[in-house]
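Letters A, B, ... mirror the listed sequences (proteins, then strands); counts begin at 1. Because only heavy atoms are used, hydrogens play no part in the values below, and waters and symmetry mates are left out as well, while side chains stay in.
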Amino acid sequence: MSLSGRDGDLVVSTARLDRIVEHEATDLTCIVEPGVRLSSLDDALAAHGQRLALDPPGDPTIGECIAEGLSGPLRHRYGAVRDLILGVTVVLADGTIASSGGKVVKNVAGYDLAKLFCGSRGTLGLVVRAAFRLHPRPETTSAFAIPAARPAAVRPLLAELASSKLVPGALDLLWPGALLGLLEGSPRVVEAQAAEALRFEGAEICGRDVWDASRERQRQAAGVMAFAPSELGDILRSEAPTLVRPSLGIAYLDRPYETSASAGLRDLHARLRQEFDPEGVLVA
Amino acid sequence: MTTVAREELRDAAIEELGSAAVVSELEQLRTYDCDGLTGRRVVPALVVLASSAQDVQAAVRLCNRFDIPFVARGAGTGLSGGALPVEDGVVISLQRMNRILDVDLEGERVVVEPGVTNLAVTQAVAAEGYYYAPDPSSQQVCTIGGNVAENSGGAHCLKYGFTVNHVTGLDVVLPSGELVQLGGASVHTDGPDLLGAFIGSEGTMGIATRITLRILRRPESVRTLLAGFESVDGAGLAVSEVIAAGVLASAMEIMDRLTLEAAEAAVSAGYPLVEGLLLIELDGTREQVEEDTDRVIAIFEQVGATEVRVAESDAERSLFWRGRKAAFAAVGRVSPDYYVQDGVVPRGELTAVLRRIGQLAEEHGLRVGNVFHAGDGNLHPLVLYDASVPGELEKAGRLAEEILVACVDAGGSLTGEHGIGTDKACSMPLMFSEDDLATMTRLRRAFDPAGRANPGKVFPTPRLCGEVPGPYRMHPLEKAGVAERL
């Protein structure tokens, strides 16, 4: 994470908070500290045939994933960090330590501060521990690419995909160029899905490096734009995105893109900061 | 509130909203005095029947002017007293706001008003092969607004997640009367996840007036199986093994002998009369379901299932489910009164906690039936008692509380889906420290500095926690067989 502090600011590093506190394999849950990198968590979980279904570009720490609300191609099926997080322990600006949620997969007791802290960029406090829901690791993975270069052809293609038997684990539009789909499961399931994909005109089966290309575009994007999935055609025509997640309504652009929050929302954010950090100790 | 003040409030409401939107006669107000937690009743000062976001804003502003609280209400099927009125407060009913505003199949989004029922969303898109995933068992009557307030789940949330995973945007009338948009049709948001924080806040942060939902394509194939075991533990072990094998079932439900017999007597589902019955549903592509079916059958045989049945038709599939869904109400046949507990445990602790519940039941000399969402560790112990026996109600209350303690001690939660509401506000300290609760309160103050939105819910208050709940009474919808307590 980039540090934007000024001279004289105190930097609190969570790099040494790097333990996997608990992995309940039978419950498909884990508790980790914020300094754990996704790659090392993935290694530990792989030994049990499990994974955290979160694949943002690079190899961020869990703390970064939460603070920035990160996600990658897998968001299509598994959601973002806010959909996988089960609970947090946070330290507030005044030193208060507080927990919310828990480590069980189903829980509606009290407010969900874990979700609140997703995307909060350190403005509300510091996450020192987080619990996550895990998923079984797929036995086999494959991918398909279908050519997609004209805006007018994308909607019919997506409609055809929706009415097919394909159930991709991720769906990325590299623009202009190709619609990528991730296939996961047992060899038999993946094979059947691949055959289904090949019925599309120009479709090819590709290796896992196509996802590196997609995640690289995400990493290099200078701006992120939210759009209504039904407006995809317009976005492709007028915004020239480099990568689009059509089901999610997210377009990555090679230029900065400022979203202007409404006055009401800005007010709400300000009141939240006022409540969590009235002295303004935390540097955003 | 004095009679004069009450009349003043009524007149102001009629002036703002029109007389057709205002309920003020005592007899009519009584209709709103409770939700699905029928043991607690409070008659509100006034009920406003909102037809639009503007009506909601007007009602909320009226409450600000009179400095009184408000409680949002949908169908009133909640089981934790989340929609219990506040004395001298206004109930804002959202049932008239029942329009589906937009169906966008291509974008896989549906936009609704809060009074639309859960099932109506699926019905609106079913013909095109889509559905809305969260399926609380009250889905025929419960509203999407209520689902948002409670972050509702259902039997299939094991695979597909809860309301919070399926709502992409909300228009919210804040307790100030201001309208803000959280999220939209896209899942991308900037800054803290206020949408995620709002969903499940039980009406204490404002009122959602427009809700954007994500819909899913129906899976190609669905298969439902029953497996009988010589003990509930055996069924629990089967669940653990299915999870360990990496099979992602869409639902896994367990019933013990007591609830099984009651359900069988009620709906004749043709269940085998065993000590532990597991109902499992698998969905996905045809190949996936075939493969998963083979794997779970092998697991069932390995862990000693006495019988395995695969539903051969849609009719048989719904019969399997009908018994499960009727189980709660059916227990009324074997006990004059019962209390439905809702706790969660880590799935690895299922058998240990079930044994503990058995011990506790024995110690208190009461029967406990178990019918629950085993796949996600969500227990629904049914504490059976007879309110006409002096002291038994209190005993049942203590037993239900001790079961919750056992869940929390095992690393679980006070509630998996019914919510805290008024029912469990006093139990919050079992799970959360004072600092935890104070930190949650900071979030609440950011939304509702004056504490006008649904006060007395979620958080323990000295006034509330001195009270003792009354005996359980069946909700009218439950009595009519329209809704069950799941």
- Query: Less than 4.5 Å apart, any side-chain heavy atom of B:Arg347 and any of A:Val105?
  - Reply: yes
- Item | Engaged part of B:Glu202 at the chain A interface, taking heavy atoms whose separation is under 4.5 Å | side chain
- Message: Which residues in residues 163-174 of chain B have any heavy atom closer than 4.5 Å to a heavy atom of chain A?
- Response: B:Val164, B:Asn165, B:Leu174
- Query: Out of A:Arg75, A:Arg133, A:Gln50, A:Glu191, which one racks up the most heavy-atom pairs below 4.5 Å with chain B?
  - Reply: A:Arg75
- Message: Let me confirm one number: the OG-CG distance from A:Ser163 to B:Leu105, rounded to the nearest 0.5 Å.
- Response: 12.0 Å
- Query: Does the side chain of B:Thr439 pick up a donor-acceptor pair with the side chain of A:Tyr111 at under 3.5 Å?
  - Reply: no
- Note on the structure: Looking only at heavy atoms, the pair that brings B:Ala197 and A:Leu116 closest together is CB-CD1, 4.0 Å
- Item | Flag side-chain contact, heavy atom, 4.5 Å: A:Leu113 against B:Leu443 | yes
- chain A contact via B:Thr204 - side chain, backbone, both or neither, heavy atoms under 4.5 Å: both
- Query: Relative to chain A, which segment of B:Gln288 carries a heavy atom at a distance below 4.5 Å: side chain, backbone, both, or neither?
  - Reply: both
- Query: Roughly how far, to the nearest 0.5 Å, is the NZ atom of A:Lys115 from the CG atom of B:Asp193?
  - Reply: 7.5 Å
- Item | Residue pair A:Arg188 / B:Glu290, side-chain heavy-atom distance below 4.5 Å | yes
- Task: Please look at B:Leu437 and chain A and tell me whether the side chain, the backbone, both or neither of the residue comes under 4.5 angstrom of a heavy atom of that chain.
- Result: neither
- Query: Non-hydrogen atoms of chain A under 4.5 Å away: do they reach the side chain of B:Glu150, the backbone, both or neither?
  - Reply: backbone
- Message: Counting only non-hydrogen atoms closer than 4.5 Å, does B:Met431 touch chain A with its backbone (N, CA, C, O), its side chain (CB onward), both, or neither?
- Response: side chain
- Region of A:Leu161 that comes under 4.5 Å of a non-hydrogen atom in chain B: backbone
- Would you say A:Val108 and B:Thr415 make side-chain contact, with heavy atoms under 4.5 Å? yes
- Select one option (side chain, backbone, both, neither) describing which atoms of B:Ser240 are under 4.5 Å from chain A's heavy atoms. neither
- Roughly how far, to the nearest 0.5 Å, is the CG atom of A:Asn107 from the CG atom of B:Asn151? 9.5 Å
- Query: With sequence neighbours excluded, what pairs up with A:Lys103 under the salt bridge (charged side-chain N to carboxylate O under 4.0 Å, His left out) test?
  - Reply: A:Glu22, A:Glu24
- Return yes if a side-chain donor-acceptor contact under 3.5 Å exists between A:Thr259 and B:Asp190, otherwise no. yes
- Task: Check whether any side-chain heavy atom of A:Leu158 sits under 4.5 Å from a side-chain heavy atom of B:Glu106, and report yes or no.
- Result: no
- Taking non-hydrogen atoms and a cut-off under 4.5 angstrom, which of residues 223-232 of chain A neighbour chain B? A:Val224, A:Ala226, A:Phe227, A:Ala228, A:Pro229, A:Ser230
- Query: Is it the backbone or the side chain of B:Arg217 that comes under 4.5 Å from a heavy atom of chain A, or both, or neither?
  - Reply: side chain
- Task: Counting only heavy atoms closer than 4.5 Å, note whether B:Asp435 contacts chain A via side chain, backbone, both or neither.
- Result: both
- Query: How long is the gap from OG1 on A:Thr96 to CD on B:Glu434, to the nearest 0.5 Å?
  - Reply: 11.5 Å
- Query: Taking side chain as C-beta onward, heavy atoms only, is A:Ile250 less than 4.5 Å from B:Ser186?
  - Reply: yes
- Against chain A, label B:Val187 side chain, backbone, both or neither, depending on which of its atoms sit under 4.5 Å from a heavy atom there. both
- Task: Please examine the side chains of B:Leu195 and A:Arg82, heavy atoms only from C-beta on, and report whether any two atoms are closer than 4.5 Å.
- Result: yes
- Task: Starting at CZ of B:Phe447, measure out to CZ of A:Arg271 and round the result to the nearest 0.5 Å.
- Result: 8.5 Å
- Message: Within the 4.5 Å heavy-atom criterion, are A:Ser100 and B:Asp436 side-chain neighbours or not?
- Response: no
- Query: Residues two or more places apart in sequence or in another chain: which of them pass salt bridge (charged side-chain N to carboxylate O under 4.0 Å, His left out) with B:Arg295?
  - Reply: B:Asp292
- Task: Any chance you could measure B:Ser176, atom OG, to A:Asp267, atom CG, to the nearest 0.5 Å?
- Result: 8.5 Å
